Amino acid sequence: MKIHFIGPVSFGKDKSIHFPASLDGHPLDCVFSYEALEDIDPDSVLGDPLEHFAKHQLKLLSIAEQKILNGHAHNDKIEIYSSDLAAD
């Protein structure tokens with residue numbers, strides 16, 4: 001299984017963050033919920049979600065990678081929620 005995080009990051013209408021990737025050569029949209037961004041660093045105030053994602057990008061992409069490896073990618077998308085942070 002080959003995973004490549006491509007970027008660039010973009011902002012969704014629901015305040016989510018989207019980060020393009022590829023899985024075995026096929027496009028994969030990594031979607032990080034607004035709540036996951038809030039909860040990744042509970043001691044920090046969430047201002048600009050793009051800046052907050054950039055600050056915690058390595059950890060968030062690591063969580064996405066683990067979900068992908070565990071077979072949770074469906075319909076060319078993987079979604080990361082607050083509940084996924086506990087598994088990290």
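Numbering starts at 1 and runs along the sequence shown. Because the structure is a prediction, the values reported are computed rather than measured.
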**Q** Sequence neighbours excluded, which residues qualify as salt bridge (Lys or Arg N to Asp or Glu O under 4.0 Å) partners of Lys15?
**A**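 Salt bridge (Lys or Arg N to Asp or Glu O under 4.0 Å) list for Lys15, sorted by chain: empty.
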**Q** Determine all donor-acceptor pairs shorter than 3.5 Å in which one atom belongs to a side chain in residues 69-76; sequence neighbours excluded.
**A**
from  : atom 1 : to    : atom 2 : distance (Å)
Asn70 : OD1    : Gln66 : NE2    : 3.3
Asn70 : ND2    : Gln66 : O      : 3.3

**Q** Test: side chain to side chain donor-acceptor pair (under 3.5 Å). Region: residues 17-30. Which pairs qualify, not counting sequence neighbours?
**A**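 As it turns out, the side chain to side chain donor-acceptor pair (under 3.5 Å) pairs with a partner in residues 17-30, which skip direct neighbours, are Ser16-His18, His18-Asp29.
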**Q** Measuring from Leu60:CG to His56:NE2, what's the distance to the nearest 0.5 Å?
**A**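 Answer for the CG-NE2 pair, Leu60 versus His56, is 7.5 Å.
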**Q** Distance from Phe5 atom CZ to Ser62 atom OG, nearest 0.5 Å?
**A**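 Between atom CZ of Phe5 and atom OG of Ser62 there are 8.5 Å.
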**Q** How far does CZ of Phe32 sit from NE2 of His52, to the nearest 0.5 angstrom?
**A**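 Reported to 0.5 Å precision, the distance equals 12.5 Å.
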**Q** Can you tell me how far NZ of Lys77 sits from CG of Leu28, rounded to the nearest 0.5 angstrom?
**A**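 So the CG of Leu28 and the NZ of Lys77 are separated by 10.5 Å.
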**Q** May I ask you to check whether Phe53 and Phe19 place their ring centres under 6.0 Å from each other?
**A**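 Ring-ring flag for Phe19/Phe53: true, centres closer than 6.0 Å.
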**Q** Phe11, Leu61: one ILVMFWY side-chain cluster at the under-4.5 Å cut-off?
**A**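 Per the 4.5 Å side-chain linkage, Phe11 and Leu61 are co-clustered.
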**Q** Taking the side chain as C-beta and beyond, is there a heavy-atom pair between Met1 and Ile68 under 4.5 Å?
**A**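 The answer is yes, as the side chains (C-beta and beyond) meet within the 4.5 Å cut-off.
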**Q** If hydrophobic clusters are built by linking Ile, Leu, Val, Met, Phe, Trp and Tyr wherever their side-chain heavy atoms come under 4.5 Å apart, do Val31 and Tyr81 end up in the same one?
**A**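 No; Tyr81 is not reachable from Val31 via cluster members.
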**Q** What are the two closest non-hydrogen atoms of Glu79 and Lys67, and how far apart are they?
**A**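 Answer, listing the atom of Glu79 first, then Lys67: O-NZ, 2.6 Å.
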**Q** Do Ile78 and Leu23 have side chains that approach each other closer than 4.5 Å (heavy atoms only, starting at C-beta)?
**A**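 Side chain of Ile78 against side chain of Leu23, heavy atoms only: no contact under 4.5 Å found.
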**Q** Would you compute the distance between atom CG of Leu37 and atom CD1 of Ile17 and round it to the nearest 0.5 angstrom?
**A**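 Those atoms lie 5.5 Å apart.
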**Q** Restricting to non-hydrogen atoms, name the atom on Ser82 and the atom on Ala36 that form the minimum distance, rounded to 0.1 Å.
**A**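 Closest pair (atom of Ser82, atom of Ala36, distance): OG-N, 3.4 Å.
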**Q** Roughly how far, to the nearest 0.5 Å, is the CG atom of Leu50 from the CD atom of Gln57?
**A**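 So the CD of Gln57 and the CG of Leu50 are separated by 11.0 Å.
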**Q** Kindly give the heavy-atom pair with the smallest separation between Ile80 and Ile63, and that separation in Å.
**A**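 The pair with the smallest heavy-atom distance is CG2-CG2, 4.1 Å.
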